Amino acid sequence: MNKRTSQLPGFYKVTVSERRRLVAEATGVDALDIGRALERGGLDASTADKFVENVLGTYGLPYGVTLNVRVNDVDRVVPMVVEEPSVVAAASNAAKMVRASGGFRVEVDPPLMIGQVQITHVADAPRAAEAIVAAKAEILALADRAVPGLCARGGGARDVEVRVLGEPSDAMIAVHIVVDCRDAMGANLINTVAEAVADRLAQLASGRVGLRILSNLCDKRCVRVRCMVQADALATDDMDGQAVIDGIVNASRFAELDPYRAATHNKGIMNGVDAVVIATGNDWRAVEAGAHAYAARSGRYRPLSVWRREGDALAGFLEMPMALGTVGGTLRVHPSARLSLQIACIESASDLAGVAAAVGLGSNLAAVRALATDGIQRGHMALHARSVALAAGAEASEVEQVAAMIVEARDITLESARRALAAIRVRTIKRPSEQAHVPDDRGSAPALNH
Ligand code: NAD
């Protein structure tokens with residue numbers, strides 16, 4: 001067996017094809033398969049035409065991998081699809097700090113999803129609820145008959161819960177059918193079950209069938225991630241590790257006390273989670289909906305993760321719902337999604353949920369550490385500068401140099417990038433022997449200052 005590692009020093013410095021070779025070596029996936037699955041985003045227009053309606057083409061996004069991730073003592077190279085600069089680098093850096101203290105510890109609930117059946121026009125809601133609870137075995141059997149394939153794989157209906165909503169004069173009933181979806185995200189399976197049992201539920205409740213659909217607040221399918229980071233690993237040039245821990249704990253308290261901050265704190269988590277969810281072909285709207293509904297479950301919007309001091313170290317804890325699949329939907333049809341599961345060596349939907357959440361907690365750590373130390377803009381804008389350089393019309397060979405110039409001038413704007421580009425091109429014409437892509441380490445700020 002190959003050496004499975006998520007530590008690939010110098011990875012960011014080598015070419016794209018060299019990176020593919022290194023990931024192939026580290027994960028056992030064939031480098032040619034990696035190239036083929038990522039060619040043109042992995043999806044051609046005619047395949048895309050089978051996915052959705054009115055297709056004109058496909059839309060590309062960068063596909064990177066986060067390194068250094070270790071989850072429950074296993075190394076993972078984790079694919080991330082994201083357009084925002086610095087997300088992949090930040091997740092890799094955070095994972096490196098965490099692995100020095102043993103990596104992420106993850107616990108994943110069984111893959112239980114909730115199907116909701118709404119019953120309206122209920123004259124006596126408490127009596128209706130009793131009748132449904134009394135018929136639980138019958139309802140579960142009816143549900144299982146609707147999804148024989150799932151039951152054959154060890155999944156199926158597990159519970160029936162009844163909730164009475166609204167005022168007695170105008171009550172409605174929400175019946176929850178709890179289904180073990182095994183390795184599927186489960187939306188279609190759940191909807192099939194909800195439709196199969198709805199008429200019988202309405203009959204038992206002497207009411208009328210309303211909606212029949214899964215709930216994206218899948219709070220029985222949560223994942224919990226813990227990590228520790230030693231103070232030394234958190235230190236920066238200007239701050240010692242203990243001061244950084246204090247800053248991060250302070251940032252956590254801010255999010256716990258203020259929904260305005262909590263929203264942005266959680267966005268930092270979703271930077272990592274969504275990128276993994278998209279790379280593996282999963283439904284990120286479903287994960288987002290579940291995450292934010294869970295964050296607000298107490299009646300106030302709260303952070304999904306908290307950070308505390310434990311002795312001389314920092315401890316992080318994240319809990320959130322995570323409905324992901326490794327089968328079903330369109331994910332098996334998308335070559336890049338299949339590739340992602342292979343690269344990260346994903347064995348089941350629960351395994352994937354744990355890895356995605358670990359990357360989420362790592363992304364959160366990177367963001368709160370940056371906020372508690374240099375501020376987010378220093379690192380972020382340096383990477384953002386490349387996008388600005390591209391927007392200003394820089395060719396691939398010019399991007400790094402233009403980005404370096406506008407960062408040094410502390411003026412990361414389109415105008416500044418255009419001036420830098422013009423200056424480079426003038427110099428290249430004057431000195432044709434000089435390679436345009438060689439970074440100009442003599443400093444180029446003067447070109448930007450007029
Ligand atoms: P699906 O409809 O493809 O069902 C999964 C299939 O895989 C079933 O036929 C099942 O029997 C089979 N299967 C094979 N091996 C399995 C295993 N090991 N474990 C479990 N099932 C196995 O997919 P789904 O997961 O039911 O639905 C997911 C899709 O539904 C996503 O594309 C999602 O975007 C979409 N969707 C989402 C919502 C929502 O979130 N509100 C609503 C509707 C649809």
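Ligands are counted one by one from 1 in listed order, and the atoms in each one are counted from 1 as well. Positions are given from 1, in the same order as the sequence printed here. It should be emphasised that the depicted structure is a prediction, and the values quoted were computed from it without experimental measurement.
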- Query: Does ligand 1 have any atom sitting under 4.0 Å from a heavy atom of C181?
  - Reply: yes

- Can a non-hydrogen atom of N191 be found less than 4.0 Å from any atom of ligand 1? yes

Please work out, at 4.0 Å between heavy atoms, whether the side chain, the backbone, both, or neither of [X] comes within that distance of ligand 1.
X    : value
A349 : neither
D283 : side chain
I190 : neither
T326 : neither

So, do [X] and [Y] sit near enough that their side-chain heavy atoms are less than 4.5 Å apart?
X    : Y    : result
D109 : K220 : no
R386 : P85  : no
I269 : V273 : yes
Y301 : N266 : yes
P321 : R221 : no

Side-chain ion pair, [X] and [Y], N-O less than 4.0 Å:
X    : Y    : answer
R300 : D258 : no
D30  : R36  : no
R285 : E288 : no
E319 : R302 : no

Return the closest protein heavy atom for [atom] as residue, atom name and distance.
atom                    : answer
atom 17 (C) of ligand 1 : R153 CD, 3.4 Å
atom 36 (N) of ligand 1 : A187 CB, 3.3 Å
atom 29 (C) of ligand 1 : N188 ND2, 3.6 Å
atom 32 (O) of ligand 1 : G329 CA, 3.7 Å
atom 18 (N) of ligand 1 : D183 OD2, 3.2 Å
atom 7 (O) of ligand 1  : V327 CG2, 4.1 Å
atom 6 (C) of ligand 1  : G328 CA, 4.5 Å
atom 24 (P) of ligand 1 : G186 N, 3.5 Å

[X] N/O under 3.5 Å from ligand 1 N/O:
X    : value
I213 : no
R182 : no
L189 : yes
M185 : yes
N216 : yes

- Item | Check: T47 side chain, L43 main-chain N or O, donor-acceptor pair, under 3.5 Å | no

- Query: Is the side chain of R4 donor-acceptor paired with the backbone N or O of T27 at a distance under 3.5 Å, no angle test?
  - Reply: yes

- Pick one: which of L339, V82, I278 meets side chain to side chain contact (heavy atoms under 4.5 Å, CB included) with Y63? L339

- Modelled atom types, side-chain donor and acceptor of N364 and S305, under 3.5 Å: yes

- Message: Within the 4.0 Å heavy-atom shell around A286, which atoms of ligand 1 are there?
- Response: 40 (O)

- Protein non-hydrogen atom found under 4.0 Å from atom 9 (O) of ligand 1: no

